[in-house]
Amino acid sequence: MSFSSSVKEELCKTPVCDKCCAGAEAYGILLYGNTFDFRAVRIITGNPGFAKRIPKIFKHAFDIEFDSVPSAPGSGKRVFAISDRSKISAVFDAFGYDTGNTLAHHINFGVLENACCKKSFVRGAFLAGGSVADPEKRYHLEFVTDHMSVSREAYSLLLEMDFFPKDTARAGNYITYFKQSEEIEDLLTSIGAPLSAMKIMSAKVEKDMRNTVNRRVNCDSANADKVVMAAARQLDVIKRIERGAGIGNLPDKLREAALLRIANPEASLEEMALLSDPPVSKSCLNHRLRKLATYSDGDI
C-alpha cells in the first residue's frame, strides 16, 4: 500500500458524528470527485476504506442512498452513482445550489462556518482528489480538481485555517499543494491523520540523521586526504634533504621532526605531536615541518 493510500485509510477511521460535518465532508468529496451536476453524481475510488465510508457519509449528511454501488468488495476501481433527480435535488439544496440553472462550481462558505466543518471539507477533498508523496522520497501533498473557482476558493479556505499552500495548473486541472514537511504534518493532523503525520516526522528525522552522517563521513574523508597530501609533501622535502646535506646535519628539533615523520608517514599532525618526546603542540610541530621546506639541498 502506498503512503497516500495509508493516509486515506487512517482518515476514513475518523468517526462520522455531526450532520453538519458529514455534509461538509460530502461537499469536499463532491467538488473534488468525478461528476457533480444536476444530471448525475459519480464518485470513483480505488481505496477500500474510502469506498466503505462514502455511503455512510451520504446517508448521514443527506439521508439518501446511492442508486448504483459496487457489486463486490474486490480490488480495483469502485463506482458510486446517483441518477435519481429527487436525490440530486436534496444534495443541491443542502449546499444552496439551484438545479434549474447550469451549475457553476463554487464553494458555498455559508455551509462551512464552523472550524470542524472546514476540517471535514478538507478531509473530503483530500479523500476524493488528494494525494501525498512518500516522505522517504520527498515532501509533497496536493489537492486536484478540474474546477478553477473551487481550487481558488479552497486555497482561500486553507489560508483561513492558517495553512499557506501554493497553487498551479497541470494538464487542465487546478492544483493546490504543499511542499513543506511541517505544514503537511499539521494539515494531516488537523483533518484526522496524526499517525501519518508522525510517520512524516520520523522519516524526516531519519533523513536528517543520514545526511548528518554522510556530511561527517565526507568531511572525515576530505580531512584524511589533506593529511595524506601534507605528509607526502613533507616526506618529499625530507628525502631531498637526505639526498643533500643529510638529515643528521639538521638542527636538533628539526631533525627530530623529520625522523618522526619518516617513522609515521600516515599520522596526522595531532597524532605526531603526541608522539614527540617530549610532546609538543600541534602548531609547534607544524612550524618545524614547515621550516624543513626552507632547507634546500646543501643549504644546511
Side-chain angles (χ1 to χ4, degrees), residues 4 7-37 41-45 47 49-50 53-64 80 82 88 90-97 103-132 141-167 173-178 183-194 196-197:
S4 191
V7 171
K8 292 185 179 183
E9 287 287 343
E10 182 182 1
L11 289 175
C12 287
K13 295 176 182 177
T14 305
V16 183
C17 300
D18 297 334
K19 185 181 179 67
C20 65
C21 290
E25 184 171 329
Y27 200 15
I29 292 170
L30 289 165
L31 290 177
Y32 279 81
N34 298 88
T35 304
F36 177 36
D37 59 37
V41 169
R42 186 176 296 105
I43 304 162
I44 302 174
T45 181
N47 186 280
F50 186 33
R53 187 174 180 84
I54 292 171
K56 296 177 184 177
I57 288 291
F58 276 70
K59 181 68 175 176
H60 199 58
F62 315 116
D63 195 27
I64 61 174
F80 296 83
I82 299 174
I88 294 175
V91 174
F92 274 47
D93 290 344
F95 302 125
Y97 290 155
L103 179 62
H105 284 288
H106 287 276
I107 297 176
N108 181 354
F109 289 98
V111 300
L112 303 176
E113 293 181 349
N114 299 326
C116 57
C117 293
K118 291 182 175 71
K119 294 175 182 178
S120 296
F121 175 87
V122 175
R123 180 169 56 247
F126 182 81
L127 287 170
S131 64
V132 58
L141 182 148
E142 66 179 29
F143 301 84
V144 182
T145 179
D146 57 358
H147 308 300
M148 182 175 64
S149 296
V150 170
S151 183
R152 287 179 176 175
E153 291 158 359
Y155 181 98
S156 298
L157 179 66
L158 288 165
L159 289 178
E160 286 183 23
M161 297 169 66
D162 291 327
F163 295 108
F164 302 94
K166 296 181 180 180
D167 59 355
N173 289 317
Y174 301 92
I175 320 296
T176 306
Y177 67 95
F178 296 89
E183 285 206 293
I184 295 173
E185 293 159 11
D186 292 344
L187 180 65
L188 291 180
T189 299
S190 175
I191 63 176
S196 298

Visitor: Does the pair L158 and L187 meet the rule for a side-chain contact (heavy atoms from CB on, under 4.5 Å), with working shown?
Guide: CA-CA 9 Å; L158 288 165; L187 180 65; 4.2 Å; yes
Visitor: Taking the cut-offs as 6.0 angstrom to the six-membered ring centre and 45 degrees off its axis, would you call K8 and F126 a cation-pi pair?
Guide: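 Here K8 passes the 6.0 Å and 45° test against F126.
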Visitor: Working to the nearest 0.5 angstrom, can you tell me the gap between S120 OG and Y27 OH?
Guide: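 Going from the OG atom of S120 to the OH atom of Y27 covers 14.5 Å.
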Visitor: So, using side chain to side chain contact (heavy atoms under 4.5 Å, CB included) as the criterion, who are the partners of K13 when residues are at least two apart?
Guide: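 Partners of K13 under the side chain to side chain contact (heavy atoms under 4.5 Å, CB included) test: none.
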Visitor: Scan residues 141-165 for pairs that pass salt bridge (charged side-chain N to carboxylate O under 4.0 Å, His left out), counting only residues two or more places apart or in two chains.
Guide: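 Qualifying pairs: E142-R170.
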Visitor: Do the non-hydrogen side-chain atoms of S196 and T189 ever get within less than 4.5 Å of each other?
Guide: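 Contact flag for S196/T189 side chains = no.
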Visitor: Would you say S190 and K119 make side-chain contact, with heavy atoms under 4.5 Å?
Guide: yes
Visitor: About how many Å separate CG of N47 and SG of C12, when rounded to the nearest 0.5 Å?
Guide: 5.5 Å
Visitor: Nearest 0.5 Å please: distance from the CE atom of M161 over to the OG atom of S156.
Guide: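 Between M161 CE and S156 OG, I get 13.0 Å after rounding to 0.5 Å.
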Visitor: Would you say that L141 contacts F143 through its side chain, given a criterion of any heavy-atom pair below 4.5 Å between the two side chains?
Guide: yes
Visitor: Between A22 and I57, what is the shortest heavy-atom contact and its length?
Guide: O-CG2, 3.5 Å
Visitor: Measure the shortest side-chain to side-chain distance between T145 and L31 over non-hydrogen atoms and say whether it is less than 4.5 angstrom.
Guide: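 In short, these two side chains do not touch, never coming nearer than 4.5 Å.
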Visitor: Report the C-alpha distance between I107 and F121 in whole Å, list the side-chain angles of each, state the deciding distance to 0.1 Å, and finish with yes or no for side-chain contact (heavy atoms from CB on, under 4.5 Å).
Guide: CA-CA 10 Å; I107 297 176; F121 175 87; 3.6 Å; yes
Visitor: Apply side-chain contact (heavy atoms from CB on, under 4.5 Å) to residues L157 and K118 and explain how you reach the verdict.
Guide: CA-CA 8 Å; L157 179 66; K118 291 182 175 71; 3.7 Å; yes
Visitor: D167 versus Y174: any side-chain heavy-atom pair under 4.5 Å?
Guide: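 SC-SC contact between D167 and Y174 ruled out.
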Visitor: Kindly compute the distance separating CZ (F163) from CD1 (I191), expressed to the nearest 0.5 Å.
Guide: 8.5 Å
Visitor: Could you go through Y177 and V144, starting from their C-alpha distance and side-chain angles, then the distance that decides it, and tell me whether this counts as side-chain contact (heavy atoms from CB on, under 4.5 Å)?
Guide: CA-CA 9 Å; Y177 67 95; V144 182; over 6 Å; no
Visitor: Shortest non-hydrogen contact from C21 to C116?
Guide: SG-SG, 3.4 Å
Visitor: Which pair of non-hydrogen atoms, one from C20 and one from C117, has the smallest distance, and what is that distance?
Guide: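 Here C20 and C117 meet closest at SG-SG, 3.5 Å.
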Visitor: Do the side chain of T14 and the main chain of L11 share a donor and acceptor less than 3.5 angstrom apart?
Guide: yes
Visitor: Rounded to the nearest 0.5 Å, how far apart are OG1 of T35 and CD1 of I43?
Guide: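 Between T35 OG1 and I43 CD1, I get 9.5 Å after rounding to 0.5 Å.
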Visitor: Does I82 reach the side chain of F62, with side-chain heavy atoms less than 4.5 Å apart?
Guide: no
Visitor: Can you confirm whether K59 sits close enough to I64 that some side-chain heavy atom of one is under 4.5 Å from a side-chain heavy atom of the other?
Guide: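 Answer no - side chains too far apart.
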Visitor: More than 12 heavy atoms of other residues, nucleotides or ligands under 6.0 Å from NZ of K19: is that the case?
Guide: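 For K19, atom NZ is crowded (more than 12 foreign heavy atoms under 6.0 Å).
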Visitor: Is any side-chain N of the basic residue among R53 and E25 closer than 4.0 Å to the acidic one's carboxylate O?
Guide: yes
Visitor: Could you check whether any side-chain N or O of R42 sits under 3.5 Å from a backbone N or O of N34, counting only pairs where one atom can act as donor and the other as acceptor?
Guide: no
Visitor: Counting C-beta onward and ignoring hydrogens, is there a side-chain heavy-atom pair between Y32 and L127 closer than 4.5 Å?
Guide: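 Not touching, per the 4.5 Å side-chain cut-off.
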Visitor: Counting the benzene-type ring for Trp, do F50 and F80 have ring centres under 6.0 Å apart?
Guide: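 No.
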Visitor: Can you check whether G110's main-chain N or O pairs, donor with acceptor, with N108's side chain at less than 3.5 Å?
Guide: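 Yes; judged by distance alone, with no hydrogens or angles, the pair exists.
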